[in-house]
Amino acid sequence: MAAALGCRAPCRTGWLPTLQIVRHAKSVTRHWKAMHFERQKLMAVTEYIAPKPAVPEKCIAPRIKAVKEENGYAKLLRLQVAETFRDSKMIAVCQHNFTPSEEMLLMKHRLRKHNIHVKFFPNEIVRPYLSVSKYKNLLPLFVGYNLMLVSPEIKVKEMLRILKNMPQINLLGACIDNTILSNQGVINYSKLPTVEITQGQVVGTLSLMASQMCGLLQHSSVHLTALLDQYIKQQSGGAGEADGKAGEGQAELGPAKSSAGL
């Protein structure tokens, strides 16, 4: 006991703790209490209810549709389709059936010699472009699996000659020099003469017409000249005959006069 008291005495006089915990006790005077039943009914009756609009809000505000971003590869194909139709004078649409890869490579190689290229585009890319362009009449041809034979030059005969050996590829139609042709129209177009031959025929026809026009214009003057020459010849011939008859008459009168004198 004394040891305990002896230990406490220095603590009270000479040593104080650095931290002191002080507890402030406060009595709770207010507890939660349920609202009276009558007051609950009064609050429920007097609760504010906002008026509803005459037109539903979903009808006023437009629906926001999520815009789907186009794939980068689809954009690239769309640009290639536009460039192909812009830079090509001959665009042939063919139906592509199953063809071995070796035969397809051989056909591409033969067509490339004549500057004709084979293009594969999905219909989901080609049809939207055609619907808003001047080639909209080609839309019925793009059904199923198709391929296009394009060229910056018009090489119809060469294309038909190569496709003749490829029964798996059927020609459906073509757009040649901004003119849409059917299969039979393409065949008929290939039978036409070349531009050089046509130009020679046109030049020959124009020169023939010019020569005929010159002949018609000169016909009157030439005919008049011929008539005048004939008239001059007739006049000169008539004067010679008259002089001959006069000389004969004088010769006959000379002996008669001599006999009368005698």
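Side chain of His114 to main chain of Ile116: no donor-acceptor pair is present (N/O by atom type, distance under 3.5 Å, no hydrogens or angles). Using a distance-only test at 3.5 Å, with no hydrogens or angles considered, no donor-acceptor pair links the side chain of Asn137 to the main chain of Ile180. For the pair Ser151 (side chain) and Glu153 (backbone), a donor-acceptor distance under 3.5 Å is present. Between the Asn170 side chain and the His96 main chain, no donor and acceptor come within less than 3.5 Å of each other. Put simply, the side chain of Arg127 gets close to the backbone of Leu139: a donor and an acceptor are under 3.5 Å apart. Listed for the Arg110 side chain is no donor-acceptor partner under 3.5 Å among the backbone atoms of Ile162.
Cluster annotation: Val150 is connected to Phe121 through the hydrophobic network of ILVMFWY side chains, with a link wherever side-chain heavy atoms come within less than 4.5 Å. Using a 4.5 Å cut-off between side-chain heavy atoms of Ile, Leu, Val, Met, Phe, Trp and Tyr, with links allowed through other members, Leu141 and Ile125 fall into the same hydrophobic cluster. The hydrophobic cluster containing Ile169 also contains Met90, counting ILVMFWY residues as joined when their side-chain heavy atoms lie under 4.5 angstrom apart, directly or transitively. In the hydrophobic clustering of this structure, Val156 groups with Met107; members are Ile, Leu, Val, Met, Phe, Trp, Tyr whose side-chain heavy atoms approach within less than 4.5 Å, directly or through other members. Under the 4.5 Å side-chain contact rule for hydrophobic residues, Leu172 and Leu181 do not share a cluster.
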What do the steps show when you test Leu42 against Glu38 for side chain to side chain contact (heavy atoms under 4.5 Å, CB included), and what is the final call? CA-CA 6 Å; Leu42 180 62; Glu38 296 292 337; over 6 Å; no

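The 12-atom threshold is not exceeded at CE of Met43, counting heavy atoms of other residues, nucleotides or ligands nearer than 6.0 Å. The local environment of CZ in Phe120 is crowded, with over 12 non-hydrogen atoms from other residues, nucleotides or ligands closer than 6.0 Å.
For Tyr135, the ring pair (Phe, Tyr, Trp, His ring centres under 6.0 Å) partners two or more places apart in sequence, or in a different chain, are Phe85. Take Glu103 and apply the side chain to side chain contact (heavy atoms under 4.5 Å, CB included) test, not counting sequence neighbours, and it matches Thr99, Pro100, Met166, Gln168. For the side chain to side chain contact (heavy atoms under 4.5 Å, CB included) test, residues two or more places apart in sequence or in another chain that qualify with Leu208 are Ser211, Gln212.
Within the 4.5 Å cutoff, side-chain heavy atoms of Met148 are placed close to those of Ile91. Within the 4.5 Å cutoff, no side-chain heavy atoms of Leu106 are placed close to those of Glu102.
The distance from atom CD of Glu158 to atom CG of Leu149, rounded to the nearest 0.5 Å, is 13.0 Å. In this structure, CG in Leu171 is found 10.5 Å from CD in Gln184, a value given to the nearest 0.5 Å. How far CG of Asp177 is from OG of Ser88: 12.5 Å, rounded to the nearest 0.5 Å. With values rounded to the nearest 0.5 angstrom, Leu138 atom CG is found 11.0 Å from Tyr129 atom OH. A distance of 10.5 Å separates CG of Leu105 from NE2 of His109, quoted to the nearest 0.5 Å. Between the OH atom of Tyr189 and the NZ atom of Lys157 there is a distance of 10.5 Å, given to the nearest 0.5 Å.
Considering every non-hydrogen atom in both Gly204 and Ser207, the closest pair reads O-OG, 2.8 Å. Gly144 approaches Asn123 most closely through the heavy-atom pair O-ND2, 2.7 Å. Closest heavy-atom contact between Ala92 and Ala174: CA-CB, 3.8 Å. Taking every heavy atom of both residues into account, His117 and Asn115 meet most closely at NE2-OD1, 3.3 Å. The shortest heavy-atom contact between Asn146 and Val143 is ND2-N, 3.1 Å. Contact detail for Pro128 and Arg78: the closest heavy-atom pair is CB-NH1, 4.0 Å.
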